[in-house]
Structure formats: structure tokens, C-alpha cells
Amino acid sequence: MLVLGIESSCDETGAAVVSDAGEVLSDVVQSQVVHAEWGGVVPELASRDHAKNVLPVVREALARAKTPLGAIDGIAVTCRPGLVGALLVGVQAAKGIAFGANKPIVGVDHLLGHLLAVFLKRDAKEPREDPAFPFVALLASGGHTAIYRVDGPHESMVRELGATRDDAAGEAYDKVAKLLGLGYPGGPVVDELAARGDATAIDLPRPMASKKSLEMSFSGIKTQLASMVREKPPKDGSEVANICAAFQRVVTSVLADKLLAAASSEGVKDVVLGGGVAANSELRRRVLEGAAKLGMRAHVPPLASCTDNGAMIAYAGAMRLARGDRDGWDLAATSATVLPRATRKGRGAR
């Protein structure tokens with residue numbers, strides 16, 4: 001089965017052709033640079049950029065896969081969660097393509113796409129060992145940070161074990177980068193500078209560090225750093241690097257420890273990383289080393305499978321199509337995930 005996947009939930013327009021075995025025949029991503037000057041994603045600008053790029057990106061994905069639209073067995077499109085205007089562009093484009101080519105269409109939850117991205121096979125020369133169900137996954141990105149138990153490749157088989165009460169990890173990275181004047185997006189540049197800095201030069205507490213709870217919080221450390229920078233601005237690049245290193249050490253250690261604690265509690269031997277923050281070098285190292293010490297298998301997808309892309313949507317859609325699922329022309333875009341949430345946002349006792 002070959003599936004055309006379309007992704008437009010935020011600031012990347014993606015399209016890909018993927019088989020139900022996870023083989024990636026093509027994966028085209030058009031990243032939006034228009035948001036850099038605003039220091040964050042502007043929803044209206046994102047929607048306009050998707051509308052301009054979605055069909056050229058789809059055509060390029062089909063061309064790179066050397067697959068005519070007639071040979072595609074189904075269309076998969078991100079329909080939730082995300083920016084509704086951006087999602088709407090992708091959903092309407094997918095409907096038009098499916099209707100015109102007489103192909104079945106399925107909507108995909110963006111979070112499920114990230115959870116299953118580890119199964120994508122991008123390079124035949126580098127075979128990767130797939131995780132076994134059930135596995136425990138950390139999904140960390142600019143909009144979502146949560147730990148899930150995944151018992152199978154369908155939405156009904158995913159259960160949240162814990163999540164952030166406030167800022168997502170990637171959101172905290174972007175805010176720290178902004179207050180340090182490092183630009184947007186913040187994750188890659190903070191990761192790069194952290195490698196040059198001294199993480200012990202600044203003493204930062206680890207938020208909600210107890211492994212007894214799988215809930216997380218990242219707004220406090222961002223506020224603490226903002227206060228620190230306001231009172232004593234960094235004098236040079238080395239001090240900026242030290243701040244990045246200290247911040248990254250705290251955030252990645254909490255994420256890795258919570259993931260491994262969740263796997264131990266669930267009696268699961270396979271752990272998975274997903275989402276844009278899964279591209280962070282220190283987080284990848286901590287998870288790989290920590291899992292090895294506990295006798296677990298850590299599955300870290302290649303960088304191309306961490307950021308938003310159409311391939312993960314195509315594969316998740318292929319899993320729906322394979323079991324006979326189909327959506328109608330009333331498929332709608334929504335900002336809410338279908339995955340049940342266990343963590344309540346905000347402060348206070350639980």
C-alpha cells in the first residue's frame with residue numbers, strides 16, 4: 001500500500017509518499033521562514049504560506065517518489081491538533097485530491113504521527129530495529145510535551161502517563177532563546193551553544209524532578225532565567241553559552257529521567273523519542289545512555305523524522321487504511337487531539 005501524506009499543522013508544509021511497511025519513497029518539507037522576524041508562529045501568516053505551497057509540495061513529493069497519483073492507494077492528512085487555519089488548508093487540499101483521484105481519505109492526529117515516526121525507514125543502507133509494542137514514548141515539541149504508553153499503532157491504543165502542566169519543552173527553548181536574543185526557532189541554537197558552555201557555572205533547580213510523578217513543568221525555569229538575565233545581563237558569548245548549557249542540562253535530565261521512570265513503572269523494555277525536541281543532542285545522549293544502564297532498548301529516530309513531516313502522517317494514515325478505516329467529506333480540522341489527557345494544566349494540588 002502506498003499512501004500520500006499531507007502535513008500542515010503549524011509552520012511546515014509537508015507531503016510524502018510512504019508504504020504501509022514504513023518505506024519512505026519521498027518526503028518534502030517546506031519550512032516557513034516568515035515567522036523569524038516575529039519571534040514565533042503567526043497563525044494567519046502560516047495559513048497563507050500553506051495555501052501557497054501545499055500543491056507544489058504535493059507535486060514534488062509524487063515526482064520524487066516517481067509515483068503517479070493514480071498509483072496511490074489512499075490520502076492521509078493531519079486534521080488535529082494544531083493551528084486550525086493551517087490545518088484547514090491541508091485538509092481541504094487532501095479532500096480535493098482524494099475526490100479528484102477517487103481515493104480514500106483518512107485524517108490523522110498529529111501526535112500519533114510523531115509517536116509512530118520511529119517506524120519510518122528512510123535509508124535502506126541503515127536498517128533500524130523497530131520498537132516492540134508496547135513501548136513508552138516521550139513526545140516533546142514546541143506545542144506538546146507528554147509521555148505515552150503505546151500498545152499499538154492506533155489512537156485507541158495510546159494512553160497518556162504524564163505531561164507538562166504548562167509550557168512545552170520546545171516552547172521553553174524558544175522563550176529562553178528569545179530572551180537571550182538568539183532568534184527563532186530557539187531549539188537548535190540553544191543546543192549548539194550549550195555544547196560550548198559550562199552547565200555547572202549556573203545553579204538551576206530541576207523542576208518537578210521527583211520520579212514519583214510523571215508530570216512536568218517548564219514555565220518556572222524560563223521565568224527564573226528571564227529574571228536572572230534582566231538583573232545581570234550576560235557580558236559575552238561565553239556567559240550566554242553557560243546559560244544555555246545550564247538550561248539544557250536541567251530540561252533534558254528531567255525529560256530523560258521521567259521517560260525512563262515511566263518505562264520502569266509500566267514494565268516496558270522499549271522507549272521511544274518523538275517530536276522536534278527529540279532532535280536535541282543532549283536529550284538523545286541521555287536517553288540512550290540511561291536506557292542502556294537499565295537494560296532497555298532506546299529508539300531514537302533520525303533528525304528528519306523528529307520535525308513535522310508528511311512521512312509520519314502517511315505512515316499513521318496507512319495504519320488506519322490497513323484496518324479499513326475511511327473518513328467522509330465532512331472530515332474537519334480541530335485544535336484538540338483525540339488522545340485522552342491525564343494531566344491537568346495549571347498549578348495546584350492534584
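In this text the structure is predicted, and so the values were computed from the model without any measurement.
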Item to check | Residue pair Arg344, Arg165: steps toward the side-chain contact (heavy atoms from CB on, under 4.5 Å) verdict | outcome: CA-CA 6 Å; Arg344 180 170 61 85; Arg165 293 183 176 187; over 6 Å; no
Next on the checklist: Walk me through whether Glu155 and Arg80 qualify under salt bridge (charged side-chain N to carboxylate O under 4.0 Å, His left out).
Outcome noted: CA-CA 12 Å; Glu155 298 161 350; Arg80 60 178 179 255; 2.9 Å; yes
Can you see which heavy atom on [X] is nearest to which on [Y], and at what distance?
{"X": "Gly143", "Y": "Ala168", "value": "C-CB, 3.7 Å"}
{"X": "Ala278", "Y": "Arg284", "value": "O-NH1, 2.9 Å"}
{"X": "Ser141", "Y": "Gly275", "value": "CB-CA, 4.4 Å"}
{"X": "Val268", "Y": "Met296", "value": "O-CE, 4.1 Å"}
{"X": "Ala61", "Y": "Ser26", "value": "O-OG, 2.7 Å"}
{"X": "Leu25", "Y": "Ser19", "value": "CD1-N, 4.4 Å"}

Checklist entry - Can you find a side-chain donor-acceptor pair between Ser219 and Asp167 that sits under 3.5 Å? => result no
Item to check | His50 versus Thr13, side-chain donor and acceptor atoms under 3.5 Å | outcome: yes
Item to check | Steps toward side-chain contact (heavy atoms from CB on, under 4.5 Å) verdict (Thr145, Leu255) | outcome: CA-CA 9 Å; Thr145 298; Leu255 291 172; 3.8 Å; yes
Presence of salt bridge, [Y] and [X], under 4.0 angstrom:
{"X": "Lys121", "Y": "Asp130", "result": "yes"}
{"X": "Glu289", "Y": "Lys293", "result": "no"}
{"X": "Lys345", "Y": "Glu215", "result": "no"}
{"X": "Arg159", "Y": "Glu266", "result": "yes"}
{"X": "Asp27", "Y": "Arg122", "result": "yes"}
{"X": "Arg320", "Y": "Asp327", "result": "yes"}

Using atom types as modelled and distance alone, determine if a side-chain donor or acceptor of [X] lies under 3.5 Å from a backbone N or O of [Y].
{"X": "Glu60", "Y": "Val57", "value": "no"}
{"X": "Ser227", "Y": "Thr223", "value": "no"}
{"X": "Asp236", "Y": "Glu239", "value": "yes"}
{"X": "Asp191", "Y": "Gly187", "value": "no"}
{"X": "Lys103", "Y": "Gly70", "value": "yes"}
{"X": "Asn242", "Y": "Gly197", "value": "no"}
{"X": "Lys95", "Y": "Leu331", "value": "yes"}
{"X": "Asp109", "Y": "Pro81", "value": "no"}
{"X": "Asp73", "Y": "Leu2", "value": "yes"}
{"X": "His299", "Y": "Glu129", "value": "yes"}

Checklist entry - Could you go step by step and tell me if Ser253 and Arg206 meet the side-chain hydrogen bond (donor to acceptor under 3.5 Å, both in side chains) rule? => result CA-CA 8 Å; Ser253 64; Arg206 298 172 72 240; 3.0 Å; yes
Is the closest side-chain heavy-atom distance between [X] and [Y] below 4.5 Å?
{"X": "Pro234", "Y": "Val229", "answer": "yes"}
{"X": "Val18", "Y": "Val3", "answer": "no"}
{"X": "Val58", "Y": "Pro56", "answer": "no"}
{"X": "Leu182", "Y": "Val190", "answer": "yes"}
{"X": "Val250", "Y": "Pro207", "answer": "yes"}
{"X": "Leu321", "Y": "Pro104", "answer": "yes"}
{"X": "Leu138", "Y": "Val271", "answer": "no"}
{"X": "Val254", "Y": "Met208", "answer": "no"}

Separation between [atom1] of [X] and [atom2] of [Y], rounded to the nearest 0.5 Å:
{"X": "Ile313", "Y": "Glu7", "atom1": "CD1", "atom2": "CD", "value": "5.0 Å"}
{"X": "Leu214", "Y": "Thr164", "atom1": "CG", "atom2": "OG1", "value": "13.0 Å"}
{"X": "Asp325", "Y": "Ile105", "atom1": "CG", "atom2": "CD1", "value": "13.5 Å"}
{"X": "Lys175", "Y": "Leu225", "atom1": "NZ", "atom2": "CG", "value": "13.0 Å"}
{"X": "Ser238", "Y": "Asp198", "atom1": "OG", "atom2": "CG", "value": "10.0 Å"}
{"X": "Leu161", "Y": "Ile147", "atom1": "CG", "atom2": "CD1", "value": "7.0 Å"}

Cluster link [X] to [Y], ILVMFWY, side chain under 4.5 Å:
{"X": "Met312", "Y": "Ile75", "answer": "no"}
{"X": "Val272", "Y": "Leu339", "answer": "yes"}
{"X": "Val338", "Y": "Leu88", "answer": "no"}
{"X": "Val176", "Y": "Tyr184", "answer": "no"}
{"X": "Met228", "Y": "Leu179", "answer": "yes"}

Item to check | CA sep, side-chain torsions, deciding dist, call: Glu12, Asn309, side-chain hydrogen bond (donor to acceptor under 3.5 Å, both in side chains) | outcome: CA-CA 7 Å; Glu12 269 98 19; Asn309 60 87; over 6 Å; no
Next on the checklist: Is there a side-chain contact (heavy atoms from CB on, under 4.5 Å) between Val84 and Thr334? Walk through the geometry before answering.
Outcome noted: CA-CA 6 Å; Val84 174; Thr334 174; 5.8 Å; no
Count the heavy atoms of every other residue, nucleotide or ligand shown that sit under 6.0 Å from [atom1] of [X], and state whether that count exceeds 12.
{"X": "Lys178", "atom1": "NZ", "result": "no"}
{"X": "Phe133", "atom1": "CZ", "result": "yes"}
{"X": "Asn102", "atom1": "CG", "result": "no"}

Item to check | Derivation of the side-chain hydrogen bond (donor to acceptor under 3.5 Å, both in side chains) call for Arg286 and Thr252 | outcome: CA-CA 8 Å; Arg286 286 183 181 275; Thr252 59; 3.1 Å; yes
Checklist entry - Parallel, tilted or perpendicular for Phe135 and Phe119, by the 30°/60° rule? => result tilted
Checklist entry - Tyr173 and Phe247: aromatic ring centres closer than 6.0 Å? => result yes
Checklist entry - After noting the C-alpha distance and the side-chain angles of Leu303 and Thr307, does the key distance pass the side-chain contact (heavy atoms from CB on, under 4.5 Å) rule? => result CA-CA 7 Å; Leu303 300 184; Thr307 54; over 6 Å; no
